[in-house]
Amino acid sequence: MRSSQTTLCYIEKDGKYLMLHRVKRENDINKDKWIGVGGHFEADESPEECLLREVEEETGLILTAWKLRGIITFICDRQPTEYMFLYTADAFTGTLTECSEGNLEWVDKSKVYDLPVWEGDKIFFRLLEEDHPFFSLKLKYENDRLAEMAFNGKSGEIDA
């Protein structure tokens, strides 16, 4: 199986993240989960080109300020390994539109932990919350459960 490259962005406004509740596609590994916005690279795209295109396609918003926060390596027994470029963005233009992949909603940052999210997402929410410098996070899932993790090349817990 080949690996894939993706982007994921948490757009911030008024202490909230723009979250996507993935409910519109069948056979979606993220079905019923809440995630940020983003997607797969197209041929010859840079991470930033993918980020800007995916955010506009999924939300109608055009980012004007963003920051690369980390790289996440997802290993899963249900799909090829995914290398995800994780961004946050705090400035944009445009009007929020409907998304074909799910429902978009502004969610208070303190409440994202209570949503049905991937276990590993809670780890990078905390890193973002603590304004941790650029990081690398490796997350290995088995049967949709987080089985292993490594932070900046070290297995186990995060020393933030």
Side-chain angles (χ1 to χ4, degrees), residues 1-12 16-55 57-59 66-89 99-105 107-160:
M1 286 197 277
R2 296 191 59 200
S3 64
S4 65
Q5 294 77 37
T6 62
T7 58
L8 184 68
C9 184
Y10 289 99
I11 302 172
E12 304 173 77
K16 298 178 179 183
Y17 285 133
L18 182 61
M19 300 291 290
L20 175 58
H21 189 197
R22 296 284 289 253
V23 293
K24 294 186 179 176
R25 284 188 176 172
E26 292 303 318
N27 302 317
D28 179 356
I29 194 163
N30 292 306
K31 181 98 171 117
D32 297 323
K33 298 269 196 249
W34 290 77
I35 63 173
V37 294
H40 290 85
F41 282 45
E42 290 184 353
D44 302 326
E45 274 187 322
S46 71
E48 291 74 22
E49 289 168 329
C50 177
L51 166 75
L52 296 172
R53 177 186 52 75
E54 285 285 348
V55 167
E57 286 176 4
E58 292 184 0
T59 69
W66 61 88
K67 182 178 179 184
L68 178 59
R69 304 298 297 274
I71 297 177
I72 316 296
T73 304
F74 281 108
I75 301 168
C76 176
D77 53 6
R78 291 178 41 202
Q79 69 177 29
T81 297
E82 178 181 330
Y83 300 97
M84 184 188 78
F85 292 77
L86 178 65
Y87 290 87
T88 53
C99 179
S100 64
E101 298 178 10
N103 301 319
L104 293 165
E105 188 177 321
V107 177
D108 189 281
K109 289 180 182 181
S110 65
K111 293 189 169 45
V112 294
Y113 296 93
D114 301 327
L115 297 172
V117 296
W118 291 101
E119 247 179 291
D121 291 14
K122 293 179 182 181
I123 296 168
F124 54 76
F125 282 142
R126 192 180 100 210
L127 293 169
L128 296 175
E129 198 175 283
E130 294 170 353
D131 201 24
H132 209 279
F134 187 86
F135 58 88
S136 173
L137 192 59
K138 180 178 175 181
L139 304 170
K140 183 177 181 182
Y141 286 89
E142 294 172 358
N143 297 315
D144 292 340
R145 303 219 23 102
L146 186 60
E148 292 177 35
M149 67 149 296
F151 174 71
N152 290 337
K154 296 179 183 163
S155 295
E157 292 299 308
I158 297 171
D159 293 326

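All values below come from the heavy atoms of this structure, side chains included, with hydrogens, waters and symmetry mates left out. In what follows, residues are counted from 1 in the order of the sequence shown.
- Residues Val117 and Lys33 form no side-chain contact, since every pair of their non-hydrogen atoms from C-beta on lies 4.5 Å or further apart.
- Residues Gly102 and Leu20 approach most closely at C-CD1, 3.5 Å, considering heavy atoms.
- With respect to Asp114 and Lys122, no salt bridge is recorded, no charged nitrogen being found less than 4.0 Å from a carboxylate O.
- The CD atom of Gln5 sits 7.0 Å away from the CZ atom of Phe85 when rounded to the nearest 0.5 Å.
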* To do: Any chance you could lay out the side chain to side chain contact (heavy atoms under 4.5 Å, CB included) test for Ile123 and Phe151, step after step, and finish with the verdict?
  => CA-CA 10 Å; Ile123 296 168; Phe151 174 71; over 6 Å; no
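- Taking CD of Glu129 as the reference point, atom NE2 of His132 lies at 12.5 Å (rounded to 0.5 Å).
- In summary, Arg53 and Glu57 engage in a salt bridge, as defined by a charged side-chain N under 4.0 Å from a carboxylate O.
- Here Glu54 pairs with nothing under the salt bridge (charged side-chain N to carboxylate O under 4.0 Å, His left out) rule; sequence neighbours left out.
- Between Tyr17 and Tyr10, the ring planes lie tilted relative to each other; the angle falls in the 30° to 60° range.
- For the residue pair Thr7 and Cys50, the shortest heavy atom distance occurs at OG1-SG, 3.5 Å.
- Counting all heavy atoms, side chain and backbone alike, Gln79 lies closest to Glu82 at NE2-OE1, 3.1 Å.
- Rounded to the nearest 0.5 angstrom, Met19 CE and Asp108 CG are separated by 11.5 Å.
- Side-chain atoms of Trp34 and Val112, non-hydrogen and from C-beta on, never get closer than 4.5 Å to each other.
- Atom-to-atom distance recorded for Thr59:OG1 and Ile11:CD1 is 5.0 Å, nearest 0.5 angstrom.
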* **Worked verdict on Glu105 versus His21 for side chain to side chain contact (heavy atoms under 4.5 Å, CB included)** => CA-CA 8 Å; Glu105 188 177 321; His21 189 197; over 6 Å; no
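- Residues Leu86 and Leu68 approach most closely at O-CD1, 3.5 Å, considering heavy atoms.
- Ring orientation note: the planes of Phe124 and Phe74 are nearly perpendicular, at an angle over 60° on the 30°/60° scale.
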* Take His40 and Thr6 through the side chain to side chain contact (heavy atoms under 4.5 Å, CB included) test and state the conclusion after the steps. => CA-CA 4 Å; His40 290 85; Thr6 62; 3.4 Å; yes
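- Ring pair Tyr83/Phe41: centre-to-centre distance not below 6.0 Å.
- Nearest heavy atom pair, residue Val55 against residue Cys9, reads CG2-CB, 4.2 Å.
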Quick one: side chains of residues 134-147, donor-acceptor pairs under 3.5 Å with protein atoms, not counting sequence neighbours, listed by atom name and distance.
unit_1, atom_1, unit_2, atom_2, d
Tyr141, OH, Gly120, N, 2.8
Asp144, OD1, Arg78, NH1, 2.7
Asp144, OD2, Arg78, NH1, 2.9

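- Expressed to the nearest 0.5 Å, how far CG of Leu18 lies from CD of Glu58 amounts to 9.5 Å.
- Between Phe125 and Lys109, the closest side-chain pair of non-hydrogen atoms is not below 4.5 Å.
- Taken to the nearest 0.5 Å, the CD1 atom of Ile72 stands 9.5 Å off from the CE atom of Met149.
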